[in-house]
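What follows is a short report on a single structure.
Within every chain, numbering begins at 1; the chains are lettered A, B, ... in the order of the sequence lines, protein sequences first and strands thereafter.
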There are 2 protein chains.
Amino acid sequence: MKDRMTPAVQMTGHTQRGQCAKRMSILDAAADVFCRQGFAGASIDEIAAVACVSRQTIYNHYREKETLFVAVVEDVMNRANAMLFSVLSTFPDRADNLEDELTAFAVRLNKNCICNHDGKFLRKLVQTEGERYPHLFESWRQQGPGKLTTALSALFGRLAHKGALAIDDFDVAARQFVALGNADLQMKILLGGTPTDEELEKAARNAVRTFLKAYGRPAEKAGHPPQLAAISG
Amino acid sequence: MKDRMTPAVQMTGHTQRGQCAKRMSILDAAADVFCRQGFAGASIDEIAAVACVSRQTIYNHYREKETLFVAVVEDVMNRANAMLFSVLSTFPDRADNLEDELTAFAVRLNKNCICNHDGKFLRKLVQTEGERYPHLFESWRQQGPGKLTTALSALFGRLAHKGALAIDDFDVAARQFVALGNADLQMKILLGGTPTDEELEKAARNAVRTFLKAYGRPAEKAGHPPQLAAISG
DNA sequence: GTAAAATTAGACGCCATTGTCTAAAACGTC
DNA sequence: GACGTTTTAGACAATGGCGTCTAATTTTAC
């Protein structure tokens with residue numbers, strides 16, 4: 001029942017560095033094996049082998065397989081949420097060179113939140129074990145994709161307010177932005193592959209072009225940024 | 001080694017009706033259990049129970065668990081492919097009322113190919129077992145989404161040739177059409193849910209509106225279909 | 001009705017895995 | 001060097017699933 005989140009506080013100061021390293025090693029190995037084999041197919045022995053740890057040590061930290069699984073999911077969810085927040089903070093808020101800026105943002109989003117290790121893990125596990133652990137993945141649904149589209153919706157609203165975009169429904173536009181960004185990567189993503197940097201760049205470019213053809217202002221489309229940011233900022 | 005695909009031919013005529021019914025019952029039950037539990041988590045006993053069939057009967061038809069799994073996947077893939085072909089044949093080839101026709105087509109595509117039983121099964125299984133059976137799902141990749149975007153690409157090309165659309169890259173447009181169509185359904189799809197008819201309709205409407213804002217001809221956007229179909233037809 | 005084929009229930013051996021237990025070893029602190 | 005904690009390797013029982021086998025029962029064709 002100890003709090004897993006406290007890194008090096010409130011303990012007697014005995015051997016928390018070693019313990020913490022073991023815990024992280026176990027969590028990483030378990031994420032790897034759970035992701036490849038699923039919950040039922042993953043064996044504690046394999047996790048122990050990957051983590052270079054005795055099986056007993058795993059049972060020492062996490063009482064049973066299910067406890068370990070829940071801890072792994074929460075750990076990955078926290079990392080993924082932090083990364084999502086970090087990427088969202090780089091959303092362009094000026095209207096100059098909107099196509100390039102949105103393209104770069106789409107690349108960051110896809111690379112660091114959707115096509116990365118944690119993103120693949122969560123998507124896969126949500127599909128395989130989502131029905132078995134509803135409350136666990138309900139929170140992911142709300143804090144992951146839910147938060148993404150909500151935040152993007154607000155950010156697009158800011159851009160539209162500055163006159164850079166002509167959007168009628170911000171929520172729809174946010175979801176479509178994400179969907180367009182993944183359009184060219186869907187197949188590779190489904191199979192578990194990781195797109196190359198060139199593929200990421202091209203996919204984002206195609207997505208943003210279409211997105212701006214649909215939602216860009218005429219001045220933007222012709223390549224004349226209206227420079228409204230200086231006025232409203 | 002008998003050919004599973006021949007329904008009632010080339011056998012001695014003994015008891016193929018009962019056998020065929022059993023086979024289908026087993027395949028359906030196995031698809032259900034494999035989809036819920038994954039390959040490792042599915043037990044033959046549960047499949048037998050769901051199929052209302054003795055366990056020995058399963059081993060009689062399919063030598064081992066893996067044989068059954070492969071047969072299930074191939075069966076579902078065949079059904080899904082037939083359905084996809086059928087839906088693709090309803091793609092609008094006239095330019096009148098393009099928005100409504102494309103919307104109705106998107107609804108059909110999502111409802112019958114992507115959000116239906118078989119679509120969810122294949123997507124889920126591709127993610128969970130795709131790495132373990134590469135050749136099996138490689139053919140799905142090529143005949144499923146691959147064939148979908150290829151065919152859609154050609155169909156959009158035909159529409160563009162008639163002057164109804166202004167598309168520079170047909171492949172990209174096809175992938176984006178599919179992606180936009182799923183944009184509003186992604187969350188529900190990931191969790192395994194089935195969208196309602198209203199949700200399907202609204203999602204398709206949003207998708208086609210944006211798609212036509214990006215690729216529609218100006219005349220189309222203003223609601224003046226150019227009536228070129230009569231000339232080129 | 002009869003014979004052949006298919007199906008069924010149940011038991012069985014086998015193996016992998018889970019989770020516990022124990023004694024020995026390693027580690028860190030004093 | 002002593003001590004407490006953690007880790008380790010291995011043994012252990014218990015469970016459950018896979019695949020086989022057999023004998024009894026049902027279905028089907030003729």
Side-chain angles (χ1 to χ4, degrees), chain A residues 1-2 4 6-8 10-30 32-34 36-72 129 132, chain B residues 1-2 4 6-30 32-34 36-72 128-129 132:
Chain A
M1 274 299 178
K2 295 172 188 174
R4 294 177 319 93
T6 52
Q10 217 178 12
M11 300 189 71
T12 56
H14 270 304
T15 45
Q16 71 276 62
R17 267 195 310 281
Q19 278 206 62
C20 204
K22 295 278 178 197
R23 283 183 105 93
M24 285 195 299
S25 171
I26 292 173
L27 283 179
D28 284 350
D32 178 36
V33 177
F34 277 137
R36 281 206 321 269
Q37 318 268 15
F39 179 79
S43 86
I44 301 283
D45 284 325
E46 185 176 355
I47 294 173
V50 173
C52 296
V53 147
S54 160
R55 183 177 65 252
Q56 182 60 28
T57 303
I58 295 181
Y59 283 108
N60 198 0
H61 285 261
Y62 308 95
R63 206 163 10 84
E64 54 188 358
K65 197 181 178 184
E66 186 158 328
T67 314
L68 173 61
F69 179 71
V70 172
V72 168
E129 320 291 346
R132 204 181 309 280
Chain B
M1 275 300 178
K2 294 172 188 172
R4 295 178 319 93
T6 51
V9 224
Q10 216 179 14
M11 299 190 70
T12 56
H14 270 305
T15 46
Q16 72 275 59
R17 265 195 310 283
Q19 277 205 64
C20 204
K22 294 279 178 195
R23 282 184 105 93
M24 286 195 299
S25 171
I26 292 173
L27 283 179
D28 284 350
D32 178 36
V33 177
F34 277 138
R36 282 206 319 268
Q37 319 270 13
F39 179 79
S43 86
I44 301 283
D45 285 325
E46 185 177 355
I47 294 173
V50 173
C52 295
V53 148
S54 158
R55 182 176 65 251
Q56 182 60 29
T57 304
I58 294 181
Y59 284 108
N60 198 2
H61 286 260
Y62 309 95
R63 202 161 16 82
E64 54 189 355
K65 196 180 178 183
E66 185 158 329
T67 315
L68 173 62
F69 178 71
V70 172
V72 167
T128 60
E129 321 290 347
R132 205 181 308 278

(request) Please name the pair of heavy atoms, one in A:Ala40 and one in A:Lys65, separated by the smallest distance, quoted to 0.1 Å. (result)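 Result for this residue pair: O-NZ, 3.7 Å.
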(message) Quick check: closest heavy atoms across A:Phe39 and A:Glu129, and the distance to 0.1 Å?
(response)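 Here A:Phe39 and A:Glu129 meet closest at N-OE2, 3.0 Å.
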(message) Output the rounded distance in Å from OH (A:Tyr59) to P (D:dC12).
(response)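 These atoms are roughly 18 Å apart.
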(request) Consider the side chain of B:Lys65, meaning its heavy atoms from C-beta on, and name the nucleotide among C:dT7, D:dG19, C:dT17 that approaches it most closely. (result)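 That would be D:dG19.
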(message) For the backbone of A:Ala51 and the side chain of A:Lys22, can you confirm whether one donor and one acceptor N or O come within less than 3.5 Å of each other?
(response)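 No, because the side chain of A:Lys22 does not come within donor-acceptor range (under 3.5 Å) of the backbone of A:Ala51.
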Can a side chain N or O of [X] be found less than 4.0 Å away from OP1 or OP2 on [N]?
X       : N      : answer
A:Asn60 : D:dT7  : yes
B:His61 : C:dT7  : yes
A:Thr57 : D:dT8  : yes
A:Lys22 : C:dC27 : no

(message) Just so I know, are the side chains of A:Ile47 and A:Phe34 near enough to count as touching, which here means a heavy-atom distance under 4.5 Å?
(response)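 When only atoms from C-beta onward are counted, A:Phe34 and A:Ile47 do touch, with a gap below 4.5 Å.
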(message) Would you say that A:Ile26 contacts A:Tyr62 through its side chain, given a criterion of any heavy-atom pair below 4.5 Å between the two side chains?
(response)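 Side-chain contact under 4.5 Å: yes.
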So which protein nitrogen or oxygen atoms get under 3.5 Å of nucleotides 9-13 of chain C's nitrogens or oxygens?
residue: C:dA11; atom: N6; partner: B:Arg55; partner atom: NH2; Å: 2.8

(request) Would you work out how much the helix from C:dG1-D:dC30 to C:dC30-D:dG1 bends between its ends, with each end axis defined by five base pairs, to 10 degrees? (result)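 It works out to 30° between the end axes.
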(request) Quick one: list whatever passes salt bridge (charged side-chain N to carboxylate O under 4.0 Å, His left out) with A:Asp32, sequence neighbours left out. (result)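 Expected list: A:Arg36.
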(request) Examine B:Arg132 relative to B:Phe69 and say whether NZ or CZ is less than 6.0 Å from the centre of the six-membered ring and inside a 45° cone about the ring axis. (result)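 Judged by the rule (NZ or CZ under 6.0 Å from the ring centre, within 45° of its axis), B:Arg132 is not positioned above B:Phe69.
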